[in-house]
Amino acid sequence: MSKFTIPTESSYIEAGGIRFAYRKFGQETGIPLVFFIHFRGTMENWDPNMIGVLAESRPIILFDNAGVGESSGETPTTVAEMAKDAATFIKALGLERVDILGFSIGGFVAQELVLQQPNMVRRIVLAGTGPQSGVNDPRKDVYEAMTQVGGDENDALENFLLLFYGPTETSRTAGISSYKRILSQKKVESSPQVLDAQLQAISQWTERDPEQKYDWLQKITQAVLVTNGVKDVMVPTENSYILTENLPNAQLIIYPDSGHGHLFQYPEQFAGHVKLFLDSK
């Protein structure tokens, strides 16, 4: 069990007309690791078991981007604008160099941030995500679970398991444990505006271009760790291979018996892999 836990109280910083909420903890020195959360999530949606392990060796920064969770403003309808807001937040903290970890739509934003601010980012972790114009094939039940508003606690759990985990007993059991850990720290949910804006951004990002050669990925020259589960129903695992094939300095880890939420299913193992990657020369 890690000695570090996610703080329950947020700090705030004003920049670009937005009051950004964030939580910084972990080690005092070293390159900070900034986290970009998944669709509809806030900074309270990270599995604390994974975050705690990473906090043992580096500064950790969790934040709510514009309009999300505890931050003010409205969520933009494009990934590019989300990345600009994230850069505004990082600069406001006085940070010149960071590592970043993007999960799901957070991975879209992370890629765009590197393209906009190449000198700001040292290393990148892309979990359960894909390139612009990648493979996007959501089943009807997956889309309905992604966008459901309301419902009871059992609906929320079943949606979480469908979207993030595999159908096996081992994967679902790990998912229930992670869900309980996340739920125990949740105080703030995202608004309907976040849902609508992020859906628009995802639709634009994933629009298929049959001529897409992913040439723009060649501009991301930083070391990249790409991770996913063996069967991701939200951002199909094929996207992780596309990223790894087209990024000039990328490596790939596929976790067994898992899906979109592989980093929560194997929190300590995933954190160990991330730490090894970030610490490597």
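All heavy atoms count here, side chains included; hydrogens, waters and symmetry mates do not.
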- request: Test S190 against Q198 for side-chain contact (heavy atoms from CB on, under 4.5 Å), laying out the working first.
  value: CA-CA 11 Å; S190 288; Q198 290 187 348; over 6 Å; no

From [X] [atom1] over to [Y] [atom2], what is the distance, rounded to the nearest 0.5 angstrom?
X: I6; Y: L62; atom1: CD1; atom2: CG; answer: 5.5 Å
X: I105; Y: I202; atom1: CD1; atom2: CD1; answer: 4.0 Å
X: K186; Y: N45; atom1: NZ; atom2: CG; answer: 4.0 Å
X: H262; Y: S171; atom1: NE2; atom2: OG; answer: 12.0 Å
X: L247; Y: I242; atom1: CG; atom2: CD1; answer: 11.0 Å
X: I90; Y: I13; atom1: CD1; atom2: CD1; answer: 11.5 Å

- request: Before giving the answer on side-chain contact (heavy atoms from CB on, under 4.5 Å), spell out for N239 and T129 the whole-Å C-alpha distance, their side-chain angles and the decisive distance to 0.1 Å.
  value: CA-CA 7 Å; N239 287 286; T129 193; over 6 Å; no

Would you say [atom1] of [X] has more than 12 non-hydrogen atoms from neighbouring residues, nucleotides or ligands within 6.0 angstrom?
X: K140; atom1: NZ; result: no
X: F277; atom1: CZ; result: yes
X: E238; atom1: CD; result: no
X: K219; atom1: NZ; result: no
X: E207; atom1: CD; result: no

[X] versus [Y], closest heavy-atom pair with distance:
X: L217; Y: P131; result: CD1-CB, 4.0 Å
X: T29; Y: P59; result: O-CD, 3.2 Å
X: M50; Y: A271; result: O-CB, 3.7 Å
X: P118; Y: R97; result: O-NH1, 4.1 Å
X: R123; Y: L278; result: CB-CD2, 3.9 Å
X: D64; Y: G69; result: OD2-CA, 3.5 Å

query: Do Q265 and S258 have side-chain N/O donor and acceptor atoms under 3.5 Å apart?
result: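 No pair is found: no donor N or O on one side chain lies under 3.5 Å from an acceptor on the other.
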
- request: Verify the distance criterion only: is there a donor paired with an acceptor across the side chains of S240 and N228 at less than 3.5 Å?
  value: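 Result is yes, a qualifying pair exists.
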
Exam field: side chain [X] to backbone [Y], donor-acceptor pair closer than 3.5 Å:
X: S104; Y: I37; answer: no
X: E112; Y: A80; answer: no
X: T88; Y: A15; answer: no
X: Y179; Y: L161; answer: no
X: E70; Y: V188; answer: no
X: S71; Y: A66; answer: no
X: Q200; Y: T78; answer: no
X: D232; Y: G229; answer: no
X: Y22; Y: M43; answer: no

message: Checking T173 against I176 for the side-chain contact (heavy atoms from CB on, under 4.5 Å) test, could you report, in this order, the C-alpha distance in whole Å, the side-chain angles of both residues, the deciding distance, and whether it holds?
response: CA-CA 5 Å; T173 298; I176 292 169; 5.7 Å; no

If Ile, Leu, Val, Met, Phe, Trp and Tyr residues are connected whenever their side-chain heavy atoms lie under 4.5 Å apart, and connections chain through other members, are [X] and [Y] in the same group?
X: Y165; Y: F103; result: yes
X: I61; Y: Y12; result: no
X: F25; Y: F36; result: yes
X: L183; Y: I51; result: yes
X: L162; Y: L195; result: no

message: Centroid separation under 6.0 Å, is that true for the rings of F264 and F160?
response: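 When the ring centroids of F160 and F264 are compared, they turn out to be at least 6.0 Å apart.
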
task: Taking the six-membered ring for Trp and the full ring for Phe, Tyr or His, determine whether the centres of H38 and F164 are under 6.0 Å apart.
output: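 Under 6.0 Å, so yes.
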
message: Given F63, which partner from the list W46, F89, F35 fulfils the ring-ring contact (aromatic ring centres under 6.0 Å, His included) test?
response: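 Of all the options given, the one that passes is F89.
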
message: Using 30° and 60° as the class boundaries, would you call the ring planes of F270 and Y255 parallel, tilted or perpendicular?
response: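 Correct class here is tilted.
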
Does any part of the side chain of [Y], heavy atoms only, come nearer than 4.5 Å to the side chain of [X], both counted from C-beta?
X: M146; Y: M234; result: yes
X: L93; Y: F20; result: no
X: F108; Y: M82; result: no
X: L263; Y: T227; result: no
X: Q111; Y: V79; result: no
X: V149; Y: R40; result: yes
X: F39; Y: H260; result: no
X: K275; Y: R58; result: yes

field: From CA spacing to verdict: side-chain contact (heavy atoms from CB on, under 4.5 Å), M120, K91
entry: CA-CA 9 Å; M120 177 184 285; K91 290 176 180 178; 3.7 Å; yes

R122 vs E96, salt bridge (charged side-chain N to carboxylate O under 4.0 Å, His left out): CA-CA, chis, key distance, verdict: CA-CA 10 Å; R122 187 188 70 113; E96 296 181 356; over 6 Å; no

With a 4.0 Å cut-off on N to O distance, would you call [X] and [Y] a salt bridge?
X: E9; Y: K187; value: yes
X: K213; Y: D215; value: no
X: E81; Y: K84; value: yes

